[in-house]
Novice: 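Structure in structure tokens, see below.
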Amino acid sequence: MVRVRFAPSPTGYLHIGSARTFIFNWLFARHNGGTMILRIDDTDVERNTDESLASIFEGLRWLDLGWDEQYRQSERFHLYREAAQALLEKGFAYRDFTPPDAKASAEEGEGKSGWLCHPEMRALSREESDRRAASGEPFVLRFRVPREPERTVAFRDLVYGEQSKSTADIEDFALLRSSWAPTYHHASCVDDADLRITHIIRGQDHLTNTFKHVLLFEALGAEMPAFAHLPLLIAPDGAKLSKRRHGPVVSVLIYRDAGFLPHAYVNFLCLLGWNPKDDREKMTREELIEAFTLEGVNRSNAVVNFTEEDPIDPKALWLNSQHIYSLPAEKLAELLEPVWRSAGYEVSREKALRVTPLIQERIKTLNDAVAVADFFFLRELAPYDAAELIPQKGDRALALRVLEKALAVLPDGDFSHAAIEERLRAAASELGVKAGQMFQPIRVAVCGRKNAPPLFETLEVVGRETCLERIARAIELLKRES
RNA sequence: GGCGCUAUCGUCUAAGGGUUAGGACGGAGCCCUCUCAAGGCUCAAAUACGGGUUCGAAUCCCGUUAGCGCUACCA
């Protein structure tokens, strides 16, 4: 039974790279019929904030993937202490009484020689160690990395292949701080063992930490999980994505706020560092689950393409438009309604349903619908330049003739788009003007701009009364300007 | 500094000894067309560098360079 976990620590919002790690874990679990676990790694009391925790949940909820079990490390401290105690008993760990500032200065003095361990502390007898601890002297508990004989720690990463490192290059890392709070390494391994995690899928920044974890799992007597490290997501400047350097673009929430479909965003993130081994790009959630394997994960870091002017990756935008396009119109309308409403438009269910098909292939984000569809909802058109009313290769007089003809021909008869087209085309040939010259002034009069959805469908949805009003107003405008 | 990882068009990537090095986004152009979009077609655009191994290297090996990661009582 596959069990995987996503283990964020609440020290910031949900980072785009973390989101991808979550998604890959989730996909792996679903593909294998396994269990997805969310574990909040909040062992660093100093840096954790409730605000950050809330924002991580907000991001995760928006992704709309879900998880099966949930844990919080701050509620499991007893586990880490018990494990630490056992490690100490068995000689896998030792107390280091060196004060924190003394260590720093020692390192400076000795250059690089002091980083591995403190031989005196490692060699402290159990009796003296116990005595000093009992007397209340603060210490950190360190893992006793096997030194003599020096040996090689090895594991096979499911993405990066065989990995090995000499214990001579692994330092005696801390397990417990002087506050008795566990460090990341300790809490993480104890939990992974306790929760029977079968596959640890996480960022490549943990690849070298894994040697320590292998040692810890062995000492804990735990079954060794499989490891799979993921290439990192980096900024266009090649640096690690950070809030400090790159601003809020590293948060998943800006994609939500920009009007992304969560499915499209998930799709985009999947294509960063993974591919289905065929040419598919736009994939549904089901297709992703079906196609996802660790073999498809590659090894080099991927750039999230954004600029200072535009925080959204162009490929993400394109994928979003593809997902919007393949949504059933009723579903899209449902999503668009609140967007329009919050822009201050008066929108009924029925109106939303009629407008949506006209703009569906013209929006890349949900938010685009505000600007693209304004004239369907606004009673009064935003002011526009009268010159826009004048068609290509035409003049003001032609525009006036066209609009007056439209005003004559539109009030009677069927107002369906087919009937409108028929009448307008007939009117154009009567006038002896090209169809385009006929349609353009009407489009601008009704929509307030040159670029809009197909004219006849648009007129139909806008409605006869409003169309006539707007055309009349355009005529006034033209006359006033001349 | 030490240790580890990585290197194909601007970006995401395919090809894992034999291909005119393929696709996608973005860019340019053309077609379609009532405008815009969508769609179709075309073009420009890459194997970091140097050595090996081999009949043959983007692919395997070594070195160089560059980038990233770890080297905390952060995670």
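First the proteins, then the strands, lettered A, B, ... as listed; each starts at 1.
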Novice: Taking atom C1' in both G10(B) and G1(B), compute the distance separating them and give it to the nearest angstrom.
Specialist: 35 Å
Novice: What N/O pairs connect the protein and nucleotides 22-32 of chain B at under 3.5 Å? Give each pair on its own line.
Specialist:
unit_1 : atom_1 : unit_2    : atom_2 : d
G23(B) : N2     : Glu281(A) : OE2    : 3.3
A24(B) : O2'    : Glu281(A) : OE1    : 3.1
A24(B) : N3     : Lys315(A) : NZ     : 2.9
C25(B) : O2'    : Lys315(A) : N      : 3.3

Novice: Write out a two-atom table: protein N or O, nucleotide N or O from nucleotides 4-10 of chain B, distance below 3.5 Å.
Specialist:
unit_1 : atom_1 : unit_2    : atom_2 : d
C5(B)  : O2'    : Gln204(A) : NE2    : 3.1

Novice: Going by the rule salt bridge (charged side-chain N to carboxylate O under 4.0 Å, His left out), which residues pair with Lys165(A) if we only count those two or more places apart in sequence or in a different chain?
Specialist: none
Novice: Whether Arg142(A) contacts C73(B) is assessed here as follows: a side-chain N or O lying under 4.0 Å from the phosphate OP1 or OP2. Is that the case?
Specialist: yes
Novice: Of the residues in residues 414-424 of chain A, which ones touch RNA chain B at a heavy-atom distance under 4.0 Å?
Specialist: none
Novice: With both distances kept under 3.5 Å, what pairs with A38(B), Watson-Crick or G-U wobble?
Specialist: none
Novice: Enumerate all atom pairs, one protein N or O and one N or O from nucleotides 43-46 of chain B, separated by less than 3.5 Å.
Specialist:
none

Novice: Across all strands, who's sitting opposite U19(B) as a Watson-Crick or G-U wobble pair, both distances under 3.5 Å?
Specialist: none
Novice: For G29(B) and A45(B), measure between their C1' atoms and round to the nearest Å.
Specialist: 15 Å
Novice: Once you apply a heavy-atom cut-off of 4.0 Å, does Thr43(A) come out as touching a base, just sugar-phosphate, or nothing?
Specialist: sugar-phosphate
Novice: Check whether any side-chain N or O of Arg425(A) sits under 4.0 Å from OP1 or OP2 of C34(B), and answer yes or no.
Specialist: yes
Novice: What is the base-pairing partner of C60(B), counting Watson-Crick and G-U wobble geometry with both distances under 3.5 Å?
Specialist: G52(B)
Novice: Go ahead and name the base partner of G69(B); Watson-Crick or wobble counts if both distances stay under 3.5 Å, otherwise write none.
Specialist: C3(B)
Novice: More 5' along RNA chain B: Pro231(A) or Glu457(A), using each one's nearest nucleotide?
Specialist: Pro231(A)
Novice: I'd like to check the salt bridge (charged side-chain N to carboxylate O under 4.0 Å, His left out) partners of Arg81(A); sequence neighbours left out, ordered by chain and number.
Specialist: none
Novice: Using the P atom as the reference point in each nucleotide, state the distance between A21(B) and C9(B) in Å, no decimals.
Specialist: 15 Å
Novice: On the nucleotide A15(B), are OP1 or OP2 found under 4.0 Å from the side-chain N or O atoms that Lys277(A) carries?
Specialist: yes
Novice: Counting the atoms with a prime plus P, OP1 and OP2 as sugar-phosphate, which does His185(A) contact under 4.0 Å by heavy atoms, base, sugar-phosphate, or nothing?
Specialist: base
Novice: Rounded to whole angstrom, note down the C1' distance from G69(B) over to G23(B).
Specialist: 31 Å
Novice: Which base, if any, makes a Watson-Crick or G-U wobble pair with G26(B), both distances under 3.5 Å?
Specialist: none
